Amino acid sequence: MRFSKSFIPTLKETPAEAVIPSHILMIRAGLVRQLSAGIYTWLPIGYKVLRKIMDIIREEMNAIGGQEFHYPALNPKEIWEQTGRVEAFGDIMFQVKNRDYVLAPTHEEIVAWHAKGNVTSYKDLPQIWYQIQTKFRNEPRPRSGVIRGRQFIMKDSYSLDRTFEDLDKSYELHDKAYRKIFERCKLKFFVVGASSGAMGGSKSEEFMVRSDAGEDTVAYCENCGYAANVEVAQSIAEPAKRHTESKQLYEIHTPNVKSIDELCAFLNIDEHETAKSRVYIHNNNPVLVLMLGNDEVNETKLQSVLGGNVRPAHPDELKEIAGADAGSIGPIGFKYRIIADNLLKDANNLYSGANKNDYHIGGIDLMRDVPNIEYYDLRVVENGEKCIRCNSNLEVFRAIELGHIFKLGTKYSEALGVNYLDENGKEHPIVMGSYGIGVERILACYLEQNYDEKGIIWQKPLAPFDIHLIGLNMKNSEIKDTCEKLYDELQKNGFEVIYDDRYEVSAGFKFNDADLLGVPVQIIVGEKNLKNNSVEIKIRRTGEKFVVPLDELNQKLQFILKEN
RNA sequence: CGGGGAGUAGCUCAGCCCGGCUAGAGCGCUUGGUUUGGGACCAAGAAGUCGCAGGUUCGAAUCCUGUCUCCCCGACCA
């Protein structure tokens, strides 16, 4: 590809709307341009990389027996109403104004709809159907470039099986395929156990990339490989103590003491002697959640413990429920259900709120004073706590979700009546799995992991080109002729080449564009080396430079490109 | 949806607080010339309804009201 004839709008300055490295680089190197919040145009170079990613995905999906479909993005609303997901998605689903259509945010319904009446025998199963297609979600806050968009490309696949045992096999196939895909894309990733959330189903795992730009938080054990989304992660942490003697309850005047930190400072005590109170509303009834010290309530865990409808109480409800505002609430005299984190189990001599503003109570014995208390795991795991499997230190950090695999079960097949007949002529709902990869996120994550202060660092197989050929002074006919010849030869030898043939652009400009674009190998043709029938090769990743005689170039390139 | 920030030339931004002539800079772009191994130089030039609407005023980029859009933190998120 000739640079002079290509649309590669590189930018010297950091665009104002971009904050994270991958987003900045995508814009500066001319891979994308934003059209609106969460909506991006892929420019030629960006789309070239994206196609390479999609090709890898296709190969691996085909390798596990996947069949590629192309489902419509525009769907009749009626089908989505049958599974109740118009309501479940709510505002996230785009709806068409002048006809009863919706823009598909995923395709479980459509897959099930096509399976119905067409996949009718046990002989038709199993099936893996996939597509690479644009999805639409009306995200309230798109962010981080293409990482969370309102329109994005997803590889989604769906498995159709006879039994849950067969589903396990389809799930395993996807797990393996996903690992291969991300490995081939040269990503450093890991797999975590996750909450299935509203998708339902028995098991789900997320494929994650560590990044401060991520929207998920995960706990990870380097020693044994335990990894889990903090929504479900567990750890070993020091519990509150039970002393041999319980003190009597006593009230303490604590003016303006609201937080646990303030309480500890005021009374000169350790946070392990305190219990923090949080009030939630569960199916219209207040619930007091007691946590040890400064521990945070894990609302996903709370939700799965309580079931039903759970939300934090509003500040103006607290006075009526507890008789005090946040900061002075506690278990003593609280009239409703009380649940506590396991770390508080049977603790005594605790300090907590008095349900009276500006007062706390000391000497609390949960066994003696709070008879109906229930204990559950309700904590958010914190950095440095011990792994539940191997007792090593856990690390807690942010991550980007690249892919998610779900065992769905029969939720959709039952809702839409998608059944098959077994050997005995007996009808059963088809067992489904659903599996997704954010295609653009692969690119964004790759960039997050492969750049320096000069720009992108590509490596095969994602690199848009193998070689960046730079002709320095194109007005020098000797340079120009050599470049043209090299351009032809390199392509004939099977390399993908971007050739900076721009006539009036200065050397420095070309060098900087090449570094920004990040093609693995640069071949620099200049007057100095050409006098000795040589050119310079620069390795983008390391910055190493070699002067190579023209007749040894091809041999040297084969060697270098193997490693880059 | 809560909190914060921003909309002025293709890009990055100054000017706004404290209203005043024809609205500025750098980069980019066009033309001519000189240059060509790390974002060159000289000269000339094109380019902006100051997000939009309304108001205050002799006069609004600047003050007031409303509104739209974008970004960040949080909430939400299969």
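Since the structure is predicted, the reported quantities are computational estimates derived from the model, not experimental observations. Numbers restart at 1 for each chain; the letters A, B, ... are given by sequence-line order, proteins then strands.
- Across the protein-nucleic acid pair, A:Glu17 atom CD and B:rG10 atom C1' stand 13 Å apart, rounded to whole Å.
- Between the P atom of B:rG38 and the CD1 atom of A:Ile524 lies a distance of 11 Å, rounded to the nearest Å.
- Using N1 to N3 plus N6-O4 or O6-N4 for Watson-Crick, or N1-O2 and O6-N3 for G-U wobble, each under 3.5 Å, B:rG45 pairs with B:rC29.
- Straight-line distance between the P atoms of B:rG66 and B:rC21: roughly 29 Å, to the nearest whole Å.
- Out of B:rG38, B:rG37, B:rU36, the shortest distance to the side chain of A:Lys538 is found at B:rG38.
- B:rC68 and B:rA53 have their C1' atoms separated by 10 Å, with the value rounded to a whole Å.
- Per the geometry, CG belonging to A:Leu472 stands 8 Å off C1' belonging to B:rU36, to the nearest Å.
- The shortest distance between the side-chain N/O atoms of A:Ser506 and the OP1/OP2 oxygens of B:rA40 is below 4.0 Å.
- In this structure, A:Lys475 reaches the bases: a heavy-atom distance under 4.0 Å links it to at least one base atom across the strands shown.
- Near RNA chain B, meaning a heavy atom under 4.0 Å from it, residues 33-42 of chain A has A:Gln34, A:Ser36, A:Ala37 in order of number.
- The aromatic ring of A:Phe511 sits over the base of B:rG38, with ring centres less than 5.5 Å apart and planes tilted by under 30°.
- Regarding A:Ile147, its CD1 atom lies at a distance of 11 Å from the P atom of B:rC72, rounded to whole Å.
- Within the structure, the salt bridge (charged side-chain N to carboxylate O under 4.0 Å, His left out) test picks out no pair touching residues 36-46 of chain A (sequence neighbours left out).
- Atom CG of A:Asn284 sits in a sparse spot, with 12 or fewer heavy atoms from other residues, nucleotides or ligands closer than 6.0 Å.
- For B:rC77, its base sits under 3.5 Å from the side chain of A:Arg148 at one donor and acceptor pair at least.
- Here B:rC73 presents its C1' atom at 6 Å from CZ of A:Arg141, a figure rounded to the nearest Å.
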